[in-house]
Each structure stands twice: as C-alpha cells, then as structure tokens.
Amino acid sequence: MTTTDLPPASLRLHIDADALAANWQALNRLSGSARAGAAVKAEAYGVGVAQALPALLSAGARDFFVAHWSEVPAVLRHASPLQLSVLHGVNNAAEAAYARAIGARPVINSLHQAQVWAQAGGGACDLMVDTGINRLGVAPGDLAEPVIAALDVDLLMSHLASADEDGPLNARQLARFREAASQVPHQALSLANSAGIALGRDYALDLTRPGLSLYGGIARPELADVIAQVVFPQAAVIQRRQLAAGDSVGYNATFTARNELEVATVSIGYADGFLRCRGPGGALQHKGIALPILGRVSMDMTVVDCSAAPDLSEGDFVGIPFDLPVVAKISGLSQYELLTTLGKRFLRGS
Ligand SMILES: *Cc1c(COP(=O)(O)O)cnc(C)c1O
C-alpha cells in the first residue's frame with residue numbers, strides 16, 4: 001500500500017478545551033461587572049488559534065487581542081473583525097489601509113500612529129495610554145494633542161507593569177489611568193491582564209484582557225485554585241536501548257552510566273520548545289512514573305532513564321510535564337516562555 005497521507009505525528013499537544021473555556025469563565029466571573037476579553041497573540045500563547053478560538057467563543061469571549069497584523073487572518077477564520085484589536089497599532093500607510101479594509105481596530109500607541117490613522121481616513125480605534133510601563137502607549141502629557149482628541153476611541157486602555165507583584169506601581173498606574181480616562185472620550189476602559197484581574201474589582205473597569213491564565217498560567221497565587229491546566233504535551237519513544245557501564249549519552253557526553261541502564265530516546269527537543277534548561281534534574285512521565293532526563297536535550301530528541309518503566313515501548317507516548325508554575329520554577333523560564341516557545345511540530349488537538 002502506498003499513500004501520501006502523513007503518518008501520525010510523534011509529538012502531540014493535547015489541548016483541554018473544556019479547561020480553557022472554564023478558565024475564561026472563571027476570569028470573566030472574577031472581572032465582576034466587567035467582561036473578560038482574551039489575548040490570543042502569538043498563536044494563543046502557543047496553544048494554537050485554531051484550537052483556542054472556538055473554545056473561547058463558546059465560553060462567551062467576544063473581545064480578542066493580537067499583537068501583529070500578520071496574526072489577524074487566523075483569528076478572522078473564527079471571529080468577526082469587529083471583535084479584534086491589534087495591539088501594535090498602525091505604523092505606516094500599509095498597515096492602516098489593511099486595518100480599514102479588514103475592519104479590525106488598531107490600538108493607537110503614539111502621536112505618530114494617530115497621524116497615520118487619521119491620514120488613512122481614520123475610523124473606530126482603540127487607544128493605549130502609557131501609565132508607567134514605558135513600553136508602548138501615548139504619554140499622558142500628550143493626550144490633549146488635537147490628533148489624539150480627534151480619534152474615535154472605542155477602548156481606552158493601559159497596561160500594568162507588575163500586576164503579579166504587590167508594589168506601589170499598580171495603584172499609581174490605576175490613578176494615572178483614571179486621570180487619562182477623564183481627558184479622552186471613549187466607549188470603554190480596560191487595564192487588567194490576568195494578574196490585574198486578581199488585584200480586585202477596582203482594576204477590572206469595563207473589559208479585562210487575560211492571556212496567560214486562560215492557558216493555564218498562574219499569574220498570581222490568588223488564581224491557583226481557579227485556573228486549570230490546558231496544555232498537555234506528549235512525545236513518542238522512538239528508540240529503547242541498553243547502556244553498558246561507562247557509556248555516555250548525548251552531545252558532549254555530559255552523562256555517563258555507572259551501571260547497565262535501560263534508556264529511551266524521545267521525539268522532543270529544543271526545536272519544539274523543550275529547551276536545554278529543562279534537562280538537568282528534569283524528568284518525563286509514563287503512567288505516573290518519572291523518567292529522569294539523561295545528558296543534553298538536543299534539537300529533536302531527549303534521552304531518559306526508563307529502568308523504572310519496563311513496559312515502556314517504542315511508539316508509546318510519554319508525558320512532558322507542563323504544570324506551568326511548577327515547571328517555570330524548576331527551569332528558570334517564565335510561564336509565558338514555556339507556552340509561547342511550544343514548537344510547530346506538535347499536532348494540536350483535544
Ligand atoms: C499580552 C497582553 C495582555 C495579556 O497579558 P497576560 O499577562 O498574558 O494576561 C493584555 N494586554 C496587553 C496590552 C498585552 O500585550
């Protein structure tokens with residue numbers, strides 16, 4: 001038999017769509033009288049827009065955020081352009097023309113962007129005011145400029161720099177944002193990301209913009225009991241082999257077997273977002289049994305000690321630990337990095 005159909009993938013990303021929907025609903029509830037939107041930039045934080053959008057829409061989400069114009073078409077396969085804001089705004093005539101043609105709202109971030117938008121003919125937009133992150137957004141002192149005053153602002157927003165901490169900056173940003181809101185006509189106000197939602201109702205205003213916690217990230221400890229894991233990576237064993245005492249494993253021979261050892265080579269590596277820092281002290285999983293990682297993680301493969309799993313066979317799938325706060329702590333990577341570096345070779349599905 002010959003076929004050009006692709007054989008089954010040796011890397012799977014199981015997405016728990018029910019958990020994703022429940023996470024949105026929990027964040028929407030915690031937002032009080034505000035409604036929760038959803039940040040779906042960077043392929044819905046690595047989950048995949050095609051997987052995440054249907055679940056978010058069925059949960060009730062109606063307001064979506066991406067960063068780049070290149071991310072717009074994937075979202076529009078599921079949602080209306082009226083539901084979509086593009087965080088990086090319009091930096092040139094080509095972006096403004098595309099925004100107008102498609103009907104998605106640019107988030108205006110500077111006087112220059114406001115000019116670009118006005119010159120293209122303008123229309124409904126969002127406006128980002130920078131209240132202290134000093135990254136992207138119009139400075140509060142520039143809000144009275146005529147080109148800003150002339151905008152048709154739907155969502156007036158700002159972004160918290162350290163909502164995951166308890167310093168004085170959060171309250172200062174909220175106060176500056178309220179001040180800005182009194183100066184710029186707008187339809188609705190939005191300040192809180194995932195962590196900001198956990199800061200309390202004062203921060204929720206009209207619309208919240210969770211990202212990380214939709215996908216299982218614990219942005220603040222208050223969310224630990226509310227948010228469930230969404231992403232479960234699995235990789236196939238592509239070889240099982242026996243090492244003799246003195247054999248080493250992997251690039252640069254950083255592990256040497258002291259005794260005979262049963263090992264398995266697993267089809268995941270740093271090209272899949274399983275970075276080298278996940279190697280030392282880390283383990284993969286098989287039916288609740290830990291399979292310690294041996295030697296360096298390479299681009300497409302990771303070798304594990306499988307002496308505790310005599311039944312593990314070539315073709316079996318092993319679990320890649322992905323409890324985000326736990327793995328972040330062990331690896332030194334942020335929960336955001338763990339999600340957004342998930343590679344393209346995973347077959348994403350529920
Ligand atoms: C990415 C992003 C969010 C979502 O933040 P999380 O910390 O992932 O919840 C919200 N607002 C803006 C402007 C963003 O860039």
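Atoms within a ligand are numbered from 1 in the order they appear, just like the ligands themselves.
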Any sub-3.5 Å donor-acceptor pair from E43's side-chain atoms to V49's backbone N or O?
yes
of all protein heavy atoms, closest to atom 1 (C) of ligand 1 is K41 NZ, 1.5 Å
Suppose I only count heavy atoms of G211 and a 4.0 Å limit; which atoms of ligand 1 are within that range?
4 (C), 6 (P), 8 (O), 9 (O)
Is it true that R209 and S190 share a donor-acceptor pair across their side chains at a distance under 3.5 Å?
yes
Just to be sure I'm reading this right: ignoring hydrogens, which of Y215, Y336, F65, Y45 gets closest to atom 4 (C) of ligand 1? Compare them by their nearest heavy atoms.
Y45
Is there a path of hydrophobic side-chain contacts, each under 4.5 Å between heavy atoms of I/L/V/M/F/W/Y residues, joining L191 to I133?
no
Which of the numbered atoms in ligand 1 are under 4.0 angstrom from any heavy atom belonging to M128?
13 (C)
Using a 6.0 Å cut-off, check whether atom CG of D225 has over 12 heavy atoms from anything other than its own residue.
no
What is the nearest protein non-hydrogen atom to atom 11 (N) of ligand 1, stated with its residue, atom name and distance?
R209 NE, 2.9 Å
Counting non-hydrogen protein atoms only, what is the nearest one to atom 5 (O) of ligand 1? Give residue, atom name and distance.
N193 CB, 3.3 Å
Among all the protein's non-hydrogen atoms, which is closest to atom 9 (O) of ligand 1, and how far away is it?
S194 OG, 2.6 Å
Polar atom proximity, S213 to ligand 1 (N or O, under 3.5 Å)
no
side-chain hydrogen bond (donor to acceptor under 3.5 Å, both in side chains) partners of S331, counting only residues at least two apart:
none
May I ask you to check if ligand 1 and P210 share an N or O to N or O distance below 3.5 Å?
no
Those atoms of ligand 1 less than 4.0 Å from some heavy atom in L87
13 (C), 14 (C), 15 (O)
Heavy-atom contacts with L212 under 4.0 Å: which atoms of ligand 1 show up? List them by number with element.
6 (P), 8 (O), 9 (O)
To which residues is M301 joined in a hydrophobic cluster, defined by side-chain heavy-atom contacts under 4.5 Å among Ile, Leu, Val, Met, Phe, Trp and Tyr, whether direct or through other members?
I238
Looking only at distances, please establish whether an N/O atom of ligand 1 is found under 3.5 Å from an N/O atom of A39.
no
R220 side chain to A163 main-chain N or O, any donor-acceptor pair under 3.5 Å?
yes
Rounded to the nearest 0.5 Å, what separates atom CE in M157 from atom CG in D206?
12.0 Å
